[in-house]
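We use all heavy atoms of the structure for the numbers below, so side chains are in, but hydrogens, waters and symmetry mates are not. Chain letters run A, B, ... following the sequence lines, proteins first and then strands; every chain starts at 1. The shown structure was predicted, so the numbers you read here are calculated from the model rather than taken from an experiment.
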Amino acid sequence: MELFFQQVLNGLTLGSIYGLVALGLTLVYGILHVPNFAHGALYMVGAYVSYITMVDFGVNYWVAMLLAAVAVAALAVLCERLVFNPLRDAPPIHDKIAAIGIMLFLEALVQMQWGAEFRRMPTPYTEILDIAGMTIPAQRVLIIAGAFSLMAVLHLFLKKTMTGSTIVAMAQNREGAFLVGIDANRVAMMTFAISGALAAVGATLFAPINLVYPAMGHLLIMKAFVIIILGGMGSIPGAIVGGLIIGFAEAFGGFYISTDYKDIIAFALLVVILSIKPTGLFSKGVH
Amino acid sequence: MLKIHNLTKRFGGLAAVNNVSIEFEANKINAIIGPNGAGKSTFFNLVAGAMAPTEGRIEYQGMDITGMACDRIARLGIARTFQTTMLFDQSTVLDNLIVGHRLRTQSRLWDVIINSKRLRDEEKKCRARAQEVLDFVGLSHIGHRITADISQEEKKRVAFALALATDPELVLLDEPAGGINPEETENLAALIRKMVDHGVTVCLIEHKMDMIMSLADKIMVIDHGEKIAEGTPDEVKNNPLVIEAYLGSDEDAAA
Amino acid sequence: MNALTKISNFFMTPAMKIVMIVAALLFPFVAGNEYQIYVMALAFVWAIAVYGMNIITGLCGQLNLAHGGFFAIGAYTLAILTVDNGWAFWPAFIAAGAVGAILGFLVGVISLRLKEHYFAIFTLCVGFIIYLLLDKWEELTHGALGIINIPAPSGFGLVDFTETTPFYYLALAFMVLSIWLASRIAHSLLGRTFLAIRISDDLAASLGINLMRNKVLAFVLSTTYASVAGALYAGMVRFIGPAEAEVTHTFDMITYLLVGGIGTLMGPLLGTLAITWLTQSLQFLEEYRMIVFGPMLVVLVIFFPKGVVGSFLSWRGRRLAAAHDASQTKEKAASNASSNKPSAASTQEAGNHA
């Protein structure tokens, strides 16, 4: 039974990080219809910014997280301005290739600067908590609490603020949004900024129980894509629920089936689901 | 030629096309008009097989084609054009048209590998047909141009030609005169009439009222997915329901 | 006709093909050392795979991100059959192509029901599944250790393909065959069918084209190309590991394709050769080549989406059209205009019916 709860905890940890990363991806997709293959690289850059500021400059964990969020948000906006905006009306294949180009560039750049070796990110929260007879590392609690409070903040932002509701309006109806005079450029930059910041925070939360290296975003971005296809491209609740589904499937699959193949579970799920329903589980319709 | 019985298409709870029945006669110009978002394009997509209807039946030359796939419907003789002309910008106008007759050919990969006689004959046939339809729409003088370099009106004509290359009996034209000037619109109307004179039945969606009123033999008006009127241009023009539908929206009333 | 047009015409003549083939045949004699021949042979092998990618992505417009995975499947099929099962090279080679085709068919039937972004994402995942399986399925693939001592292609006692130069000619022969088939397809009704799908699914379907059947055919052709290239690669390098399936190889191939000109006939070859030699001459780039290639991809899709060959072709097309128009007007002036001229005819036609 205890092992079972351990897996529940694992699933929650994985699921909340997946959800966070998928949220950024789904926001960008919903509003700009760009499948941002570079999103995993943004996540990776976020981890490196936190790592460097903490280890080399001795900055506090939370300050480092904030710095990473700001830096990656700026980087994401830069990508939008320089790359995705000029490609708005290009054939659909072009923005995907450009996104891949950005991803390759960022990875190579980080690798040149800091090498390909694996690094462990320090965290001030190393104690092991003992809750109801279960041993739980504090960082995991932090991940789950952090991720879900960020999702709550994002929800409030989208629902309660003017900018937020503009973003939602544009996600639901792009043409309509233009008609009522929404500044599409501003919304696009805002969306990229939010998505970048989410990735950076996710990375800073997750990296201490994982490793930091240039290719760390690869697997994650693919899983995030699986999640937003499951959850319906562009759907915010879909990203969170999808994240949790994949998180739990991996935790339990890895434990009860095979750790070797746990990374395949998400993709196998995708193959099965898309074979049965080509538009995803919760999609509102084909885009 | 085309009989529509109680056609309905719902998206979620919303009916984009609601219980529409109509009959289009052969060798006539049939028009569908209505305010923006009235369900005209959805209606076209249903007839062309791009979507399956929720309810109702579509009968083409006595054959039930409801829910049939797009490509099969095309082979039965229904061709269409789209609101935005889609052409391959990087090749010549003539090259764009050759594929139009592909559906009347049989060659497969094996023919390609061995360069069979069938393939060579069929390629000749497709090229000849492309030249023919290019002549028909009056563009044979620009067949060698790169498609990216021709005017908007010429692109519209190429799109017509491409549809004609499939040897259709019924052609669906989705806003053929969108984005071109009045003089070009008149030339295009003449071309549409020429198509009908050559035995093709035309069904079109259009916003330009003066064009429709002078061109169409029969008009169907839809609003909010429902048919509110059908008849000759004169009948439709004086129908109070139609006037109301048009005044109710920000569209110009029939000129 | 000026000099530029003459030169551009020369590039399109059969004579040009002969010049290129002769140059390729003579290359080993003028190459400075054996290493250069080796690099060239390797580039030819990659070019075969890139031609495959050009069929599904360039002609048919579907961005297949599992292409590197199918390359690896070809390499592994050959390696497993020869090393672990004692097959001779050539039967294993044919089997590698067949496995690529069959798996391509299975993946295609599922993935091609998806459109655009979904298809790209799905194939990215398929590529990754292939990588994971090669890495983890140790009983079959030897896991992370990879497979060593793969035999070179058998020369039936006549030639020794473990030598670089004979292998170079073998790779050249396969590449020429691949280009020949690709050109047959591209210029045929089949190629035009693929191209119609690239313009738009809706348009193609409205022209009576069966989308699924044609897309699957293009996909199977492309995976067969990839796995044949992979099998040749295994016979050349003689050692393979899961890294062959890494998604970066797919991205490399996209770069080759974009530089040369996506959807064009000579583009894949030109792009592959150009980038391979660029990377070779800038050795320090090897590891960090993506610092240059990444931004290059972005700049290419924004400013030069047609690539070298594509830009050349549209430039030439415009020139020819202009020349054609010029000669027509001259003719017209000479014969002092008659009502038979097509442009006049069309306005008359329209006028008659108005």
Problem set entry | Atom group of C/Leu124 that falls short of 4.5 Å from chain A, counting heavy atoms | both

Problem set entry | Top of C/Leu258, C/Leu133, C/Ile121, C/Asp135 for chain A proximity - count of heavy-atom pairs under 4.5 angstrom | C/Ile121

Exercise. When rounded to the nearest 0.5 angstrom, what distance separates CE in C/Met290 from CG in A/Leu109?
Worked result: 14.0 Å

For this session: Report, as yes or no, whether the 6.0 Å neighbourhood of atom CZ on A/Arg81 holds more than 12 heavy atoms from other residues, nucleotides or ligands.
Result: yes

For this session: Enter the distance from A/Ile264:CD1 to C/Lys136:NZ here, rounded to the nearest 0.5 Å.
Result: 9.0 Å

Problem set entry | Contact origin within A/Leu106 toward chain C - heavy atom pairs under 4.5 Å | neither

Problem set entry | C/Leu300 versus chain A, the contacting section by heavy-atom distance below 4.5 Å | neither

For this session: Starting at CD1 of C/Ile254, measure out to CG of A/Leu104 and round the result to the nearest 0.5 Å.
Result: 8.5 Å

Problem set entry | Whether over 12 other heavy atoms sit under 6.0 Å from C/Trp277 CH2 | yes

Problem set entry | Minimum heavy-atom distance between C/Val301 and A/Ala98, given as atom pair plus value | CG2-CB, 3.8 Å

For this session: Flag yes if more than 12 heavy atoms outside C/Arg318 fall under 6.0 Å of its CZ atom; otherwise flag no.
Result: yes

Exercise. Distance from A/Lys96 atom NZ to C/Phe119 atom CZ, nearest 0.5 Å?
Worked result: 9.5 Å

Exercise. Quick one: CG on C/Leu132 to CG on A/Leu219, what's the gap to the nearest 0.5 Å?
Worked result: 7.0 Å

Exercise. Do you know which of A/Ile102, A/Val83, A/Ile97 has the most heavy-atom pairs with chain C at a distance under 4.5 angstrom?
Worked result: A/Ile97

Exercise. Please walk me through it: do C/Val298 and A/Leu82 pass side chain to side chain contact (heavy atoms under 4.5 Å, CB included)?
Worked result: CA-CA 9 Å; C/Val298 174; A/Leu82 291 182; over 6 Å; no

Exercise. Chain C heavy atoms under 4.5 Å from A/Leu87: which part of the residue, side chain, backbone, both or neither?
Worked result: side chain

Exercise. Which heavy atom of A/Leu270 sits nearest a heavy atom of C/Cys125, and at what distance?
Worked result: CD2-SG, 3.9 Å

Exercise. Roughly how far, to the nearest 0.5 Å, is CZ of A/Phe225 from CZ of C/Phe128?
Worked result: 14.5 Å

Seminar exercise, completed: Closest heavy-atom pair, C/Ile291 versus A/Phe105, reported as atoms and distance to 0.1 Å, is O-CD1, 3.4 Å

For this session: Heavy-atom distances under 4.5 Å only: say whether C/Ile302 touches chain A with side chain, backbone, both or neither.
Result: both

Exercise. Quick check: are there more than 12 heavy atoms from other residues, nucleotides or ligands sitting under 6.0 Å from CZ of A/Phe252?
Worked result: yes

Problem set entry | Proximal component of C/Thr57, with respect to chain A [non-hydrogen, under 4.5 Å] | both

Exercise. Is there a side-chain contact between A/Phe267 and C/Val126, using heavy atoms and a 4.5 Å cut-off?
Worked result: no

